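Quick note: numbers below take in every heavy atom, side chains included, and nothing from hydrogens, waters or symmetry partners. Please read these numbers as outputs of a predicted model, since none were measured by experiment.
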Amino acid sequence: MKVKFSYTDPLQLSETLQKYDQFTRITQLETGEGSYSMAHERSSGMAIAEISASKPLLYEGWGTGWSVDFNWITPIQKASYPHGYCDGFDMSENSLGGLNTFRSNPGDSWGKYSESCSATACMLDKKILLDKLEQCQANRALENLHQSIGLVIDHEAFSQLRRLTRRDLVQGISNPSKYYDLMTICLEEGGHRLYKKKQAKNQGLLGEIVNLSHDPDKMSSPMSLSDVCKHLNVAQASLYRVCQDYFGMGIIEMMTQVRLEEARRSLLYCSADCNTKTIREIAIRFGFKHQGRFSRRYFTSFGELPSHTVKHSESL
């Protein structure tokens with residue numbers, strides 16, 4: 001199955017992905033309209049999907065309760081920077097990321113992908129995969145699955161996996177067990193990327209930044225920069241550098257954008273009797289105490305006033 005559409009509202013992407021059992025929040029890290037495409041196929045015990053977008057997107061909360069979600073990228077254009085990050089793991093052409101979805105709760109993972117690549121996800125049943133690894137006595141694969149967030153793979157099995165996925169996204173999945181065989185080899189043969197000490201520390205910090213930005217308790221009472229630094233136990237200069245390098249914006253700007261998007265989600269799905277009082281209550285719930293400033297920020301981000309969004313909600 002293939003879908004391709006242009007959008008003015010990034011919330012559309014989250015709603016579309018929910019139809020395919022992918023419950024995720026998407027934050028567009030640049031302003032303006034975008035386009036999005038996805039190919040998706042599902043079979044017993046597995047699913048695959050390939051996505052690409054014209055804007056850099058931050059995904060938070062993907063994953064299901066039944067699967068391990070393996071991710072890789074295919075470059076569309078050359079880039080001097082990593083094509084994306086999967087839980088802080090740099091995604092290059094030979095990267096397999098997302099392994100920590102094995103031990104995390106559904107919704108704990110995040111990824112950021114740029115417009116310079118397409119991103120592919122291969123979702124395999126946790127129990128089937130573990131049984132396969134134990135039957136093969138693939139001890140290194142089990143260790144990599146439990147302890148890694150990503151691997152560097154220079155092996156023919158990875159190339160076979162990518163070719164098989166591309167074919168099956170067009171023709172449909174005919175042999176799910178092949179994916180378990182190839183993934184077993186990839187986990188067994190993959191190696192760890194060597195990070196400098198500061199880069200390794202940043203991996204953990206990135207996850208904390210994403211979680212903090214989406215914390216509903218923190219949205220109603222926005223934190224100051226000094227509060228954020230104290231909460232994350234990091235210096236302002238270091239936090240600024242990490243956020244700019246990985247997300248292209250400061251953390252306060254990022255947290256504000258997430259709060260605006262959550263406010264927009266509530267406005268889009270408010271009841272038919274939603275009025276000015278309700279708009280004010282929603283704004284306050286997401287940390288915008290001044291109605292005029294909220295409306296201006298909202299208009300800058302979405303090209304319409306909150307009251308116009310409410311009118312759109314009536315037609316949903």
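Hydrophobic clustering of Ile, Leu, Val, Met, Phe, Trp and Tyr side chains at less than 4.5 Å, counting indirect connections, keeps I279 apart from L305.
Atom NZ of K55 has more than 12 neighbouring heavy atoms from other residues, nucleotides or ligands inside a 6.0 Å radius. Sparse packing is recorded around CG of D154, with 12 or fewer heavy atoms of other residues, nucleotides or ligands lying under 6.0 Å away.
Note on residues 156-172: pairs passing salt bridge (charged side-chain N to carboxylate O under 4.0 Å, His left out), not counting sequence neighbours, are E50-R166, E156-R163.
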Show the atom names and distances, to 0.1 Å, of all donor-acceptor pairs under 3.5 Å that link a side chain in residues 290-297 to residues at least two apart or in another chain.
unit_1, atom_1, unit_2, atom_2, d
H290, ND1, G292, N, 3.2
H290, ND1, R293, N, 3.1
S295, OG, Q291, O, 3.2

Would you be so kind as to tabulate the donor-acceptor pairs closer than 3.5 Å made by side chains of residues 222-248, with sequence neighbours excluded?
unit_1, atom_1, unit_2, atom_2, d
S224, OG, S226, OG, 3.0
S224, OG, D227, N, 3.2
S224, OG, D227, OD2, 3.0
D227, OD2, S224, N, 3.4

Distance-only donor-acceptor hits, side chain of residues 128-144, under 3.5 Å, sequence neighbours excluded:
unit_1, atom_1, unit_2, atom_2, d
D131, OD2, K127, NZ, 3.0
K132, NZ, D181, OD1, 2.6
R140, NE, E188, O, 2.8
R140, NH2, G190, O, 2.8
N144, OD1, H192, NE2, 3.0
N144, ND2, L187, O, 2.7

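Note on R264 versus E304: salt bridge recorded, some NZ/NE/NH1/NH2 to OD/OE distance being below 4.0 Å. Here E262 does not pair with R259 in a salt bridge; the nearest charged N to carboxylate O distance is not below 4.0 Å.
When side chains are defined from C-beta on, E261 counts as touching F302, because their heavy atoms get closer than 4.5 Å. Using a 4.5 Å heavy-atom threshold, the side chains of F288 and L260 count as touching. At a threshold of 4.5 Å between non-hydrogen side-chain atoms, the residues M219 and V258 count as touching. Under the 4.5 Å side-chain criterion, counting only non-hydrogen atoms from C-beta, F286 is in contact with S266. Residues L267 and I282 are in side-chain contact: their nearest non-hydrogen atoms beyond the backbone lie under 4.5 Å apart. Taking the side chain as every heavy atom from C-beta outward, M123 and F70 never approach each other to under 4.5 Å. Counting heavy atoms from C-beta on, the side chains of L161 and M183 come closer than 4.5 Å.
By the side-chain hydrogen bond (donor to acceptor under 3.5 Å, both in side chains) test, S52 pairs with S37, sequence neighbours left out. Residues passing the side chain to side chain contact (heavy atoms under 4.5 Å, CB included) test with N94 are S92, V152, R193, sequence neighbours excluded.
Taking CH2 of W72 as the start and CD1 of I153 as the end, the distance is 9.5 Å to the nearest 0.5 Å. Put simply, CG on L206 and NZ on K112 are 10.0 Å apart, with the number rounded to the nearest 0.5 Å. To the nearest 0.5 angstrom, H83 atom NE2 is 11.0 Å from D90 atom CG. We find the SG-CG distance between C86 and N71 to be 4.5 Å, quoted to the nearest 0.5 Å. Going from atom OG of S118 over to atom CD1 of I73 covers 7.5 Å, rounded to the nearest 0.5 Å. Put simply, SG on C117 and CD on E93 are 10.5 Å apart, with the number rounded to the nearest 0.5 Å.
S301 and Q257 share a side-chain donor-acceptor pair at under 3.5 Å.
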### Message
I'd like to know whether D87 forms a side chain to side chain contact (heavy atoms under 4.5 Å, CB included) with W110, so could you lay out the CA-CA distance, the side-chain angles of the two residues, the decisive distance to 0.1 Å, and finally the verdict.
### Response
CA-CA 5 Å; D87 286 302; W110 69 275; 3.3 Å; yes
### Task
Could you check S35 against K4 for side chain to side chain contact (heavy atoms under 4.5 Å, CB included), going step by step and ending with a plain yes or no?
CA-CA 8 Å; S35 61; K4 186 175 183 178; 5.8 Å; no
### Task
Report the C-alpha separation of Y179 and C122 in whole Å, then their side-chain angles, then the decisive distance to 0.1 Å, and conclude whether the side chain to side chain contact (heavy atoms under 4.5 Å, CB included) test is met.
CA-CA 9 Å; Y179 286 87; C122 179; 3.9 Å; yes
### Task
Given side chain to side chain contact (heavy atoms under 4.5 Å, CB included), test L58 with M254 step by step and report yes or no.
CA-CA 11 Å; L58 172 66; M254 180 177 170; 3.4 Å; yes
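In this structure a side-chain-to-backbone donor-acceptor pair under 3.5 Å is missing from D215 to N211. Here the side chain of S67 pairs no donor or acceptor atom with the backbone of D69 at under 3.5 angstrom.
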